[in-house]
2 protein chains.
Amino acid sequence: MMPDDLSPLAEGLGESLSLDGIERPADRAYTGIRRAILSGILKGGAHLGEEALARMTGTSRTPVREALRRLVGEGLARDEGRSRFVAEFPFEEVAVIFDIRARLEGYAARLAAERITAAELDRLAGLIEEIDRLSGPDGTSTRIQDFAKLNTAFHATVLSATRSPQMQSLSAQATAIPLELIKQFVWSQPVNVERSNRQHRDILDALAARNGNWAENIMSAHILSTKPVRPGANTTQDTQETST
Amino acid sequence: MMPDDLSPLAEGLGESLSLDGIERPADRAYTGIRRAILSGILKGGAHLGEEALARMTGTSRTPVREALRRLVGEGLARDEGRSRFVAEFPFEEVAVIFDIRARLEGYAARLAAERITAAELDRLAGLIEEIDRLSGPDGTSTRIQDFAKLNTAFHATVLSATRSPQMQSLSAQATAIPLELIKQFVWSQPVNVERSNRQHRDILDALAARNGNWAENIMSAHILSTKPVRPGANTTQDTQETST
DNA sequence: ACCCCGAATATTGTGTACAAACTCGGCACC
DNA sequence: GGTGCCGAGTTTGTACACAATATTCGGGGT
């Protein structure tokens with residue numbers, strides 16, 4: 001049975017990897033709006049009108065509404081009165097989010113150290129090698145997009161090794177930040193890719209050793225090492241209120 | 001001093017104060033389903049049929065749908081295939097959630113120590129006194145419901161003192177757990193109310209002293225002191241993988 | 001007897017119509 | 001000339017109708 005009803009305006013931006021080839025409106029609306037926010041097409045503070053988003057994503061208002069609810073829940077959009085707006089991330093807030101991630105994913109690494117499987121450890125090792133291959137050939141940058149993908153996969157693997165739905169849900173929320181901000185602050189320095197991967201190796205070692213304390217602390221340090229620095233700050237102190 | 005500070009997550013057990021007596025269907029659906037889950041009326045693993053919930057809450061499927069999305073986002077419901085089910089909280093997961101809360105709210109206390117206002121400090125002091133009055137007159141228990149409300153208000157005040165929407169959103173999610181489980185594990189021992197309030201006083205002192213390190217650690221300890229213990233465990237070790 | 005296939009049923013997904021609430025602008029009245 | 005009220009337009013909220021899909025049960029075939 002072939003669905004002859006291939007969506008009329010199917011081209012759009014959607015290059016989804018849906019297994020069936022079709023993509024349900026709800027997903028298209030959600031991923032479409034989300035990507036628009038994360039990529040900066042929809043800027044912080046922009047009004048999220050349902051009608052306009054429905055046109056933009058090629059669906060109707062119903063899927064858009066549900067997408068908006070989810071986005072509000074994830075912190076990418078905010079309710080304000082009756083309508084919704086793209087969440088804004090002032091620098092202070094981004095800094096807080098990184099400190100939260102340091103603690104959250106640190107604890108995740110602790111849990112993972114107890115529960116991770118050999119297969120998952122292998123996968124982490126594979127990802128580390130892939131990242132190495134990225135930074136190996138041509139000097140450093142230009143592949144930031146690829147690095148981001150592999151890096152996300154690495155962290156996602158650790159997260160899923162916790163076997164905790166709450167942990168995964170909370171981390172997902174804490175990780176959802178417009179890339180603009182990250183790129184702007186962190187990934188401007190190309191050296192970070194190699195350092196980051198060295199830390200990945202340490203994390204893998206800690207997990208393989210089943211050393212929860214080590215895993216928590218190295219993961220926490222890993223994330224703090226990527227914490228953005230306020231543009232106008234040259235070197236030390238200032239917003240370094242973090243430690244334990 | 002109740003008017004100004006209406007924290008977003010103050011709805012815990014709180015009864016909504018419908019101004020006109022009218023309540024919008026969306027709210028009724030959301031709070032209705034949420035309370036049903038938290039109170040145990042809808043048990044873990046129960047199927048959340050939209051039609052049935054619409055009848056139960058006296059609305060139509062549309063508000064129910066949006067409520068379900070939000071609940072999934074909060075971790076109280078889970079998607080499974082096409083439909084939704086009440087989230088289950090095995091003991092291991094509850095333990096993890098408390099460890100997460102210890103870190104999350106601990107960091108919240110650190111932030112609050114930097115940003116809290118005198119008015120908020122006063123409010124905290126007032127709440128502590130109210131809790132004292134609860135446990136003062138008649139021995140201990142029976143007022144667990146009142147304690148829960150004041151305790152929630154205390155923590156919500158600290159959270160809102162962080163001025164961080166993400167922190168508040170994440171904590172709200174980490175705090176949403178069916179009360180059944182908490183009561184069953186933690187509040188069975190009546191002594192905890194007094195000890196808990198002594199810790200509240202310490203937290204207040206740390207905040208008033210603007211000592212972020214102290215605040216983080218005492219808050220973390222406070223939450224860990226209420227962490228459930230596996231029913232079959234008598235005394236020490238076992239699931240005590242937590243520390244830093 | 002068992003397996004596979006198909007229809008009937010139940011449940012969710014989507015679109016749309018309509019209602020309610022808010023906004024903004026103009027006009028009248030003070 | 002300023003202020004307040006009222007109405008048109010816009011946007012969100014709610015309900016319902018219909019479509020699509022999963023599920024279950026029954027029948028027929030091997």
Side-chain angles (χ1 to χ4, degrees), chain A residues 1-10 12 14 16 18-34 36-37 42-43 45-73 76-87, chain B residues 8 11 16 18-34 36-37 42-43 45-73 76-87:
Chain A
M1 184 69 72
M2 259 316 160
D4 46 41
D5 172 34
L6 293 182
S7 55
L9 49 143
S16 75
S18 55
L19 306 114
D20 309 332
I22 67 166
E23 194 179 13
R24 292 194 300 286
D27 294 337
R28 197 164 54 190
Y30 172 69
T31 61
I33 300 170
R34 185 185 157 95
I37 294 176
L42 287 169
K43 303 193 197 307
H47 174 78
L48 293 168
E50 297 179 356
E51 200 85 43
L53 293 175
R55 274 194 307 272
M56 173 183 306
T57 59
T59 67
S60 79
R61 277 180 54 212
T62 306
V64 167
R65 287 186 124 256
E66 301 188 346
L68 287 176
R69 305 300 183 194
R70 292 177 61 185
L71 291 168
V72 168
L76 285 176
R78 300 215 152 277
D79 278 346
E80 193 161 326
R82 194 183 305 301
S83 45
R84 275 141 291 272
F85 297 84
V86 178
Chain B
E11 56 191 285
S16 71
S18 50
L19 305 111
D20 309 333
I22 68 163
E23 195 179 8
R24 291 196 302 288
D27 295 337
R28 197 164 54 190
Y30 174 69
T31 61
I33 300 170
R34 185 185 156 97
I37 293 176
L42 287 170
K43 304 193 197 307
H47 174 77
L48 292 168
E50 297 178 356
E51 200 87 41
L53 293 175
R55 274 195 306 273
M56 172 181 306
T57 58
T59 67
S60 78
R61 278 179 53 211
T62 307
V64 167
R65 280 185 132 254
E66 301 189 347
L68 287 177
R69 305 300 185 193
R70 292 178 61 184
L71 291 168
V72 169
L76 285 176
R78 299 213 155 280
D79 279 345
E80 192 160 328
R82 195 188 303 301
S83 46
R84 272 139 298 266
F85 297 84
V86 179

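By convention in this document, chain letters (A, B, ...) are assigned in the order of the sequence lines, proteins followed by strands, and residues within each chain are numbered from 1.
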Inset, instruction - Calculate the interatomic distance between Leu53(B) atom CG and dT12(C) atom C1'; express it in whole Å. - result: 13 Å
Inset, instruction - Would you tell me if any nitrogen or oxygen in the side chain of Arg61(A) comes within less than 4.0 Å of OP1 or OP2 on dA15(D)? - result: no
Inset, instruction - Report the distance from atom CZ of Arg65(A) to atom C1' of dG13(C), rounded to the nearest whole Å. - result: 15 Å
Legend entry - Beyond-backbone contact of Ile33(A) with Val64(A), side-chain heavy atoms, under 4.5 angstrom: yes
Inset, instruction - Quick one: label Thr62(B) by what it contacts on the DNA or RNA (base, sugar-phosphate, nothing), any heavy atom closer than 4.0 Å. - result: base
Legend entry - Nearest-nucleotide 5' precedence on DNA chain C, Arg82(A) against Thr59(A): Thr59(A)
Inset, instruction - Calculate the interatomic distance between Leu68(A) atom CG and dT11(D) atom C1'; express it in whole Å. - result: 13 Å
Legend entry - Heavy-atom side-chain proximity of Met56(A) to Leu53(A) below 4.5 angstrom: yes
Legend entry - Whole-Å distance separating the CD atom of Glu80(A) from the C1' atom of dT23(C): 15 Å
Inset, instruction - Please tell me if the side chains of Val72(A) and Arg78(A) come closer than 4.5 Å, counting only heavy atoms from C-beta onward. - result: no
Inset, instruction - For Arg28(B), answer base if it contacts any base atom (sugar-phosphate contacts may also be present), sugar-phosphate if it contacts only those atoms, and nothing otherwise; contact means non-hydrogen atoms under 4.0 Å. - result: nothing
Legend entry - Nearest-Å distance for atom pair CD/P, residues Glu66(A) and dG13(C): 7 Å
Inset, instruction - Please state how far atom CZ in Arg55(B) lies from atom P in dC16(D), giving the value in whole angstrom units. - result: 13 Å
Legend entry - Value in whole Å for how far the P atom of dT12(C) lies from CG of Asp27(A): 17 Å
Inset, instruction - Look at His47(A) and dT12(D) and indicate whether a side-chain polar atom (N or O) is within less than 4.0 Å of OP1 or OP2. - result: yes
Inset, instruction - Would you mind reading off the distance between Glu51(B) atom CD and dA15(D) atom P, rounded to a whole angstrom? - result: 12 Å
Inset, instruction - Drop me the distance from Phe85(A)'s CZ to His47(A)'s NE2, to the nearest 0.5 angstrom. - result: 5.5 Å
